[in-house]
Amino acid sequence: MKDKLKFYINGQWVESESNEKIEVINPANETIVGHVTAGTKEDIDSAVKAATNAFKTYQFSSKDQRIELLNNVIAEYENRYQDFVDTITEEMGAPLWLSSKAQASTGIKNLNETLDALKEYEFEKEEGDYILMKEPIGVVGMITPWNWPMNQITTKVSAALAAGCTMVLKPSEISPYCAMLLAEVFDTAGVPAGIFNVVNGYGPTVGAALSEHKYVDMMSFTGSTRAGIAVAQASATTVKRVHQELGGKSSNIILDDVADLERSVKGGAGHCFLNSGQSCNAPTKMLVSSTNYDKAVEVAGATAESTTVGDPHGEFRMGPIANKAQYEKVLRMIEIGIEEGATLVAGGTERPDGYDSGYYVKPTVFANVTPDMTIAKEEIFGPVLSIIKYETEEEAIQIANDTEYGLAGYIQGEPSHAHEVAKKIRAGQIIINGGARGTGAPFGGYKASGNGREHGLHGLEECLETKAVIAPGA
């Protein structure tokens, strides 16, 4: 049993007054991995006090000092890399190949992108007849989700560290061990006490206490739009800055001039199923013209059927859904798709053969989906692809934009044509022809997908205040 009952506050592992424990469940077999403590408002007070005291000196640290800290953190993260891989697989069910090649590696990628941005950043410069200063905003409260734990934690933490901020992190109670492992990394790397603090617990208690705390200067939240609204409302009473990366329902438009229809459809479906579909920017709606629709449905269905699902320690493409509540939601959304008249092409609600336990969902494809159907409108957060037919390019653009979300968009087609279509999509990041995310490219959304941006330079600047110093000329 892996019980991690202490919190990392002011450079030490400390006990809580709380006796409430949270079970950490392995989603591959539904067994209890261990427990963490459900923190309290008093634990948040202690962590914020430590961060506030540390900020008094850390805000004046030099760029070189912060570069050294980031380098030390990167080195120690690399030393503990396999521990991150194993932890991610155990607590949220990502297959070992995905934990190694994507989940854990995003941590190093984010840290390095922030380091590169810091090296080039000017915190003070002359602009016209005044001096522009960029200063750390203060204590940053962070709430992170369970689906890509190290990606979301490290992009926030590295930006705050580079900016000169101190922080209090509340990781997801579903995948908390990664954050505690990162605290060990920071401790070994020599990050001064109080700069990085971790308190586990539930959103309505610990998350709310952090959001409404008067000595927290900024909240950085990644999660559902519903929870993001709650964070913003709690933060409003102290007029703190709020950064949010929230939900998404991203469209993948397959244009008629696409070079290789089969490859584009197969790649889009595979991306939808990646990480068991538990990605806020997953291309879950595939928009295909009537000319290519039947072929696209055939290819997507075959892709789903060939995508293996099983034990994350085995040779499978997909592992389980990360927790029971999400598993039940995904199954219910599949049932709703069938009830509303969509055609089930592949997958469904039954577990894969050979699995009587574990939160496994087969890759699922629906055809004959209309834009008004629930599965076309709501974020499912599972391996469920909806294929929608369009007659004109204008209709495809209208369907893509007819959503409360605006996190990402995908376009497959002749490059210059795809680029013109990209200008018409209301989303924070557009991927053309399966291109990988650019180094340090900003990530965040329009509309109900949030506000602000993360990664590299853009993430760094989220943690900075702007000061103009105006003085008489010489």
[X] side chain near [Y] side chain, heavy-atom distance below 4.5 Å:
{"X": "T238", "Y": "V216", "answer": "no"}
{"X": "P176", "Y": "K4", "answer": "no"}
{"X": "H271", "Y": "Y410", "answer": "yes"}
{"X": "C165", "Y": "I137", "answer": "yes"}
{"X": "L70", "Y": "S158", "answer": "yes"}
{"X": "I336", "Y": "E378", "answer": "no"}
{"X": "L98", "Y": "L274", "answer": "yes"}
{"X": "L464", "Y": "F123", "answer": "yes"}

Where is the tightest heavy-atom contact between [X] and [Y], given as atom of each residue plus distance?
{"X": "I9", "Y": "A47", "value": "CG2-CA, 3.8 Å"}
{"X": "I88", "Y": "S99", "value": "CG2-OG, 3.5 Å"}
{"X": "A441", "Y": "Q429", "value": "CB-NE2, 4.3 Å"}
{"X": "T89", "Y": "L96", "value": "OG1-CD2, 3.4 Å"}
{"X": "N281", "Y": "A408", "value": "CB-CB, 3.9 Å"}
{"X": "I143", "Y": "K156", "value": "O-CE, 4.1 Å"}

Should [X] and [Y] count as an ion pair when the cut-off is N to O under 4.0 Å?
{"X": "K467", "Y": "E124", "answer": "no"}
{"X": "E113", "Y": "K109", "answer": "yes"}
{"X": "R453", "Y": "E462", "answer": "no"}

Taking [X] for its side chain and [Y] for its backbone only, find out whether a donor-acceptor pair lies under 3.5 Å.
{"X": "T155", "Y": "N151", "answer": "no"}
{"X": "S449", "Y": "K447", "answer": "no"}
{"X": "K362", "Y": "E305", "answer": "no"}
{"X": "K249", "Y": "E379", "answer": "no"}
{"X": "T87", "Y": "C178", "answer": "no"}
{"X": "D187", "Y": "A183", "answer": "no"}
{"X": "D3", "Y": "H35", "answer": "yes"}
{"X": "S61", "Y": "Y58", "answer": "yes"}
{"X": "T364", "Y": "G347", "answer": "no"}
{"X": "E91", "Y": "Y177", "answer": "yes"}

[atom1] of [X] to [atom2] of [Y]: how many Å apart, nearest 0.5 Å?
{"X": "D311", "Y": "N29", "atom1": "CG", "atom2": "CG", "answer": "8.0 Å"}
{"X": "L161", "Y": "L118", "atom1": "CG", "atom2": "CG", "answer": "9.0 Å"}
{"X": "Q152", "Y": "S220", "atom1": "CD", "atom2": "OG", "answer": "10.0 Å"}
{"X": "F316", "Y": "Y360", "atom1": "CZ", "atom2": "OH", "answer": "8.0 Å"}
{"X": "S306", "Y": "K266", "atom1": "OG", "atom2": "NZ", "answer": "6.0 Å"}
{"X": "W146", "Y": "E173", "atom1": "CH2", "atom2": "CD", "answer": "11.0 Å"}

[Y] versus [X], side-chain donor and acceptor atoms under 3.5 Å:
{"X": "E90", "Y": "N26", "answer": "no"}
{"X": "T40", "Y": "D43", "answer": "yes"}
{"X": "K285", "Y": "T403", "answer": "no"}
{"X": "T37", "Y": "S16", "answer": "no"}
{"X": "N275", "Y": "Q103", "answer": "yes"}

Exercise for the section: Please state whether the rings of Y8 and W13 are parallel, tilted or perpendicular, taking 30° and 60° as the class boundaries. Expected result: tilted

Problem - Option among L115, T188, L111 that satisfies the side-chain contact (heavy atoms from CB on, under 4.5 Å) test with V73 - result: L111

side-chain contact (heavy atoms from CB on, under 4.5 Å) partners of [X], counting only residues at least two apart:
{"X": "K329", "answer": "Q326, M333"}
{"X": "A282", "answer": "S279, T284"}
{"X": "Q233", "answer": "I229"}

Practice task
Apply salt bridge (Lys or Arg N to Asp or Glu O under 4.0 Å) to R426 and list each qualifying residue two or more places apart in sequence or on a separate chain.
Solution key: none

Practice task
Any salt bridge (Lys or Arg N to Asp or Glu O under 4.0 Å) involving residues 53-82? Give me the pairs, sequence neighbours left out, ordered by first then second residue.
Solution key: R80-D83, R80-E184

Practice task
Quick one: which residue pairs count as a salt bridge (Lys or Arg N to Asp or Glu O under 4.0 Å) with a foot in residues 9-38, not counting sequence neighbours?
Solution key: E30-R351

Handout entry: Test log, rule side-chain contact (heavy atoms from CB on, under 4.5 Å), inputs M142 and I153
Key = CA-CA 8 Å; M142 303 172 178; I153 290 173; over 6 Å; no

Exercise for the section: For the pair F221 and L246, evaluate side-chain contact (heavy atoms from CB on, under 4.5 Å) and give the outcome as yes or no after the intermediate values. Expected result: CA-CA 8 Å; F221 173 84; L246 308 176; 3.6 Å; yes

Practice task
Kindly check if the number of other-residue, nucleotide or ligand heavy atoms within 6.0 Å of OH (Y215) is above 12?
Solution key: no

Practice task
Take atom NZ of K49 as the centre, draw a 6.0 Å sphere, and report whether it contains more than 12 heavy atoms from other residues, nucleotides or ligands.
Solution key: no

Fill in the blank from the handout: Residue pairs passing the ring pair (Phe, Tyr, Trp, His ring centres under 6.0 Å) test with at least one member in residues 67-103, sequence neighbours excluded, are Y77-F84

Practice task
Please list all pairs passing the ring pair (Phe, Tyr, Trp, His ring centres under 6.0 Å) test where one or both residues lie in residues 226-247, with sequence neighbours left out.
Solution key: none

Side chain to side chain donor-acceptor pair (under 3.5 Å) partners for [X], two or more places apart:
{"X": "S211", "answer": "none"}
{"X": "K119", "answer": "none"}
{"X": "Y121", "answer": "E461"}

Give the table of side-chain donor-acceptor pairs shorter than 3.5 Å for residues 191-204, with sequence neighbours excluded, one pair per line with atom names and distance.
from, atom 1, to, atom 2, distance (Å)
N197, OD1, N10, N, 2.8
N197, ND2, M167, O, 3.0
N197, ND2, G194, O, 2.9

